[in-house]
Amino acid sequence: MLLVERFKKIEQIVNERGSIRVTELSQLCEVTEETIRKDLDRLESEGKLIRSHGGASSIQIELQEIPYFERETEHMEEKKQIAQAAVKFIDKEDCIALDASTTAWYMAKWLPDLPLTVLTNSIKVLIELSKKPNVKVIATGGILSPNSLSFVGPLAVNSLSQYHVDKAFISCKGVHLDRGISESNELQALVKQSMISMADEVFLVADYSKFNAQALALVAPWHKIHHVITDPKTNTDYLEKLRKLPVQVTQLT
């Protein structure tokens, strides 16, 4: 089998199955596992698939941004619990950034009506904070993303770059020990990167389902994340490894 043919076959298999391990691809393509690993690295660099531990997953699946109203009902209790804990880290007169995640919306609901400044690209967060007259709210503007009910694009990123905040609260689709945190949508990833770059302290708010997963677009490596807040279902061994990076970890009980 020619190299180009093998690449096409690997890409087709990964897209059909969603994900597959190196060992199985080696058998299907009748080449060594070392060769398959090199093939997967090449295909990932070309944007054809996503490498995962021991295999690869389909980029077509990862590119799909789940509509907000579907995300709102996923792991709802865990997100509420995380949001309530995260709000306790916010002090009077703080300037904070909230992304367009469901957890950020829950944070906005429980945020006390104190003198605070909040920067956000989330329409849901804007609406929630409009009920709190003591909270100054700054919206990014930008291109409306209907699925996430948020603003993305160059205007959103550029507007954030003009500010500085004390704390940024970020969620994501993938939390991985080696890669860091990642997003399925590149435009959302760019907004989150901008929020992280303007913050003194970065909080990752992520439920158990995000851990040991990778998505298409890298948001940040671990040295840019200061604190992780997660729910009781998250694997404790995984969190112990995070603490050694070192990252401050709060696991709720």
Side-chain angles (χ1 to χ4, degrees), residues 19 21-22 37 40-41 44 50-57 61-62 65-66 71 74-91 94 96-107 110 165-186 188-253:
S19 64
R21 298 190 65 79
V22 168
R37 291 189 186 95
L40 294 180
D41 289 338
E44 183 180 48
I50 297 173
R51 288 285 274 119
S52 59
H53 183 68
S57 59
I61 294 174
E62 296 294 346
E65 186 176 18
I66 300 171
R71 288 190 286 121
E74 282 188 333
H75 313 294
M76 185 169 57
E77 292 307 315
E78 288 82 9
K79 290 175 181 177
K80 287 180 179 179
Q81 191 178 11
I82 291 167
Q84 287 176 315
V87 164
K88 295 177 182 178
F89 287 91
I90 300 172
D91 300 313
D94 268 351
I96 68 169
L98 295 177
D99 68 3
S101 64
T102 310
T103 305
W105 174 54
Y106 285 131
M107 285 183 65
W110 281 302
V165 296
D166 301 297
K167 297 157 187 170
F169 294 85
I170 306 293
S171 192
C172 64
K173 186 168 184 182
V175 180
H176 194 271
L177 275 173
D178 296 325
R179 192 171 180 225
I181 67 172
S182 53
E183 260 300 332
S184 59
N185 183 285
E186 186 178 12
Q188 291 290 351
L190 290 171
V191 172
K192 292 172 194 276
Q193 287 171 10
S194 190
M195 288 182 172
I196 288 170
S197 67
M198 69 178 187
D200 286 337
E201 195 172 5
V202 178
F203 291 75
L204 173 64
V205 287
D207 68 76
Y208 72 97
S209 68
K210 311 295 177 61
F211 285 78
N212 201 29
Q214 297 187 66
L216 170 67
L218 177 68
V219 174
W222 283 112
H223 70 267
K224 294 187 177 182
I225 308 298
H226 304 99
H227 200 134
V228 173
I229 304 174
T230 190
D231 60 87
K233 294 182 181 179
T234 304
N235 184 284
T236 54
D237 291 337
Y238 208 92
L239 296 179
E240 283 305 314
K241 292 175 182 177
L242 280 183
R243 289 186 175 100
K244 293 176 182 177
L245 288 178
V247 176
Q248 188 175 352
V249 176
T250 297
Q251 184 175 27
L252 307 175
T253 56

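Side-chain atoms of F169 and T103, non-hydrogen and from C-beta on, never get closer than 4.5 Å to each other. N235 places none of its side-chain heavy atoms less than 4.5 Å from the side chain of N212. Looking at F211 and L177, their side chains never come closer than 4.5 Å, going by heavy atoms from C-beta outward. Counting heavy atoms from C-beta on, the side chains of Q193 and L190 come closer than 4.5 Å. Side chains of K224 and V202 form no contact here, defined as non-hydrogen atoms less than 4.5 Å apart. Within the 4.5 Å cutoff, the side chain of K210 has heavy atoms near those of the S171 side chain. Residues Y106 and I82 fail the side-chain proximity criterion, which asks for heavy atoms closer than 4.5 Å.
Annotation: the span from E183 atom CD to D99 atom CG amounts to 8.0 Å, rounded to 0.5 Å. Once rounded to the nearest 0.5 Å, the distance linking OH of Y238 with NE2 of H176 reads 5.0 Å. Atoms CD and CG, on E77 and D231 in that order, are 11.0 Å from each other to the nearest 0.5 Å. A distance of 8.5 Å separates CG of L204 from CD1 of I170, quoted to the nearest 0.5 Å.
For A217, the side chain to side chain contact (heavy atoms under 4.5 Å, CB included) test picks out E186, A189, with sequence neighbours left out. Shown here are the salt bridge (Lys or Arg N to Asp or Glu O under 4.0 Å) partners of K233, two or more places apart in sequence or in another chain: E78. Applying the salt bridge (Lys or Arg N to Asp or Glu O under 4.0 Å) rule to R37 yields the partners E33; only residues at least two apart in sequence or on another chain are considered. Contacts of E201 classified as side chain to side chain contact (heavy atoms under 4.5 Å, CB included), with partners at least two apart in sequence or in another chain: K167, F203, H226. For T250, the side chain to side chain contact (heavy atoms under 4.5 Å, CB included) partners are F89, H227, I229, L252, not counting sequence neighbours.
Closest non-hydrogen pair, L218 versus R179, comes out as CD1-O, 3.2 Å. Among all heavy-atom pairs drawn from I181 and C172, the shortest one is CB-SG, 3.8 Å. Between D94 and D91, the shortest heavy-atom distance links the atoms OD2-N, 2.8 Å.
Remark: side-chain polar atoms of T230 are not paired, donor with acceptor, to backbone N or O of Q251 under 3.5 angstrom. Using a distance-only test at 3.5 Å, with no hydrogens or angles considered, no donor-acceptor pair links the side chain of D207 to the main chain of K79. Distance alone, capped at 3.5 Å, is enough to place a donor-acceptor pair between the S197 side chain and the S194 backbone.
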Could you walk me through whether I90 and W110 pass side chain to side chain contact (heavy atoms under 4.5 Å, CB included), step by step?
CA-CA 11 Å; I90 300 172; W110 281 302; over 6 Å; no

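Note on residues 240-250: pairs passing salt bridge (Lys or Arg N to Asp or Glu O under 4.0 Å), not counting sequence neighbours, are E240-R243.
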